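Here's the structure, in structure tokens; my notes come after.
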2 protein chains.
Amino acid sequence: MFQGEHKNTMDAKGRVNIPASFRETLRSRYGDEQVIVTRDYDGCLHAYPPKEWERNVIASLRSRDFNDKWRRSYERFVVSPAVTCIPDKQGRILLPPTLRDFAELDKAVLFAGGEGHFEIWDIARRESQLEQDLDMLKNGPQHP
Amino acid sequence: MFQGEHKNTMDAKGRVNIPASFRETLRSRYGDEQVIVTRDYDGCLHAYPPKEWERNVIASLRSRDFNDKWRRSYERFVVSPAVTCIPDKQGRILLPPTLRDFAELDKAVLFAGGEGHFEIWDIARRESQLEQDLDMLKNGPQHP
DNA sequence: ATCTATCACCCACAATTACCCACTTCACGC
DNA sequence: GCGTGAAGTGGGTAATTGTGGGTGATAGAT
């Protein structure tokens with residue numbers, strides 16, 4: 001379990017510090033600090049320890065037929081852009097330009113915990129997403 | 001596993017750089033850097049290490065009867081146009097005009113990883129494909 | 001035979017990344 | 001107050017990666 005929300009800043013080279021508590025979770029629960037980072041539907045990035053990546057993403061891929069339409073889309077959108085990131089000595093990862101662009105990350109970055117993975121957001125985008133989320137929770141999914 | 005998406009540019013001679021990480025995968029996992037490149041259904045090119053080419057493309061060909069309709073189409077569309085490409089000292093391959101034209105590659109080219117193969121896209125084409133993919137993933141296949 | 005187009009090979013430069021070191025900030029204790 | 005250590009940030013440098021272009025060999029055409 002990755003806990004809490006943490007604001008960090010990405011530097012000019014595209015490096016961001018992974019919150020220390022997340023790194024601690026990675027080490028103690030998954031053995032090392034590497035994560036597999038990829039796109040999410042909602043405009044942020046998702047980071048998985050390899051074991052969780054395998055168990056969630058790859059497994060749901062394999063459950064579909066090879067020529068399934070959903071599978072091909074999923075493969076292109078989620079699996080292709082994935083890269084494994086290994087933190088440097090300072091605990092930072094370098095996000096490749098394609099992922100940076102997709103999530104519109106520039107400086108203010110937010111790490112949000114979750115079960116088995118965590119999210120990486122551009123702060124502004126996260127806030128507008130939260131408004132939608134709140135609306136959904138109050139009014140239910142059928143609301144316009 | 002070929003990881004990540006990489007934007008490279010094709011020069012006037014039709015050469016494109018294969019991302020270094022892909023070449024590294026080719027070397028370490030398949031012994032050398034050559035790939036077999038051919039058409040894909042969706043308007044991009046597919047590149048396979050010889051072993052994977054044999055295991056996926058040729059094998060699925062052989063699984064059909066010699067006079068099977070699907071087999072003849074598959075052979076014409078996928079197998080015939082395939083060429084073996086060996087990177088030059090800078091890591092670039094030269095794509096023959098027929099394949100270049102088919103995938104509408106001109107300058108901005110995107111390499112997208114995958115399991116056992118990778119894709120080569122014209123960037124603009126890829127982006128419109130991704131929009132469709134995202135729509136499908138968010139709304140399901142029955143969405144208009 | 002000779003011309004031309006194409007491709008392999010080589011060199012040079014630009015952009016990006018890995019690796020290292022240093023500094024700041026903050027919380028906690030003495 | 002003042003050290004101490006952990007967390008987060010910034011920057012320099014060397015190596016790697018990506019790009020552009022020149023040259024000579026080769027093959028096919030005239």
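Since the structure is predicted, the reported quantities are computational estimates derived from the model, not experimental observations. Chain letters run A, B, ... following the sequence lines, proteins first, then strands; residues in each count from 1.
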Could you tell me whether the phosphate oxygens of D/dT19, OP1 or OP2, come under 4.0 Å of any side-chain nitrogen or oxygen in B/N8?
yes
Do any side-chain nitrogens or oxygens of B/T9 fall under 4.0 Å of OP1 or OP2 in D/dG20?
yes
Could you tell me the separation between the CD atom of B/Q90 and the P atom of D/dT16, rounded to a whole number of Å?
15 Å
Under 4.5 Å between any side-chain heavy atoms of A/F22 and A/H6, yes or no?
yes
So does A/R15 reach the base of D/dG11 with its side chain, donor to acceptor, closer than 3.5 Å?
yes
Could you check if a side-chain atom of A/I120 sits within less than 4.5 angstrom of a side-chain atom of A/F111, using non-hydrogen atoms only?
yes
Candidates D/dG11, D/dG22, D/dG18 - which lies nearest the side chain of A/R92:
D/dG11
Verify the contact: side-chain N or O of A/R23 to OP1 or OP2 of D/dA6, cut-off strictly under 4.0 Å; return yes or no.
no
When the distance from CD of B/E24 to P of D/dG18 is rounded to whole Å, what number comes out?
12 Å
Among A/R72, A/R64, A/R71, find the residue that satisfies the salt bridge (charged side-chain N to carboxylate O under 4.0 Å, His left out) test when tested with A/D68.
A/R64
Salt-bridge contact B/E104-B/R126 (side-chain N to carboxylate O under 4.0 Å)
no
Separation of D/dT16 atom C1' from B/I18 atom CD1, nearest Å, is 17 Å
Which nucleotide sits closest to the side chain of B/A20: D/dG18, C/dC19, D/dG22?
D/dG18
To the nearest angstrom, the NZ-P distance between B/K7 and C/dT16 comes to 12 Å
Output the rounded distance in Å from CG (B/D88) to C1' (D/dT23).
15 Å
B/L94 atom CG is separated from C/dC10 atom P, nearest whole Å, by 17 Å
Rounded to the nearest angstrom, tell me the gap between atom CG in B/D11 and atom C1' in C/dC13.
15 Å
Any donor-acceptor pair under 3.5 Å between the side chain of B/K107 and the base of D/dG20?
no
Please determine if B/R62 and B/E54 form a salt bridge, counting it only when a charged side-chain N lies under 4.0 Å from a carboxylate O.
yes
Length of the line joining A/M10:CE and C/dT17:P, which is rounded to integer Å
12 Å
Once you apply a heavy-atom cut-off of 4.0 Å, does A/K89 come out as touching a base, just sugar-phosphate, or nothing?
sugar-phosphate
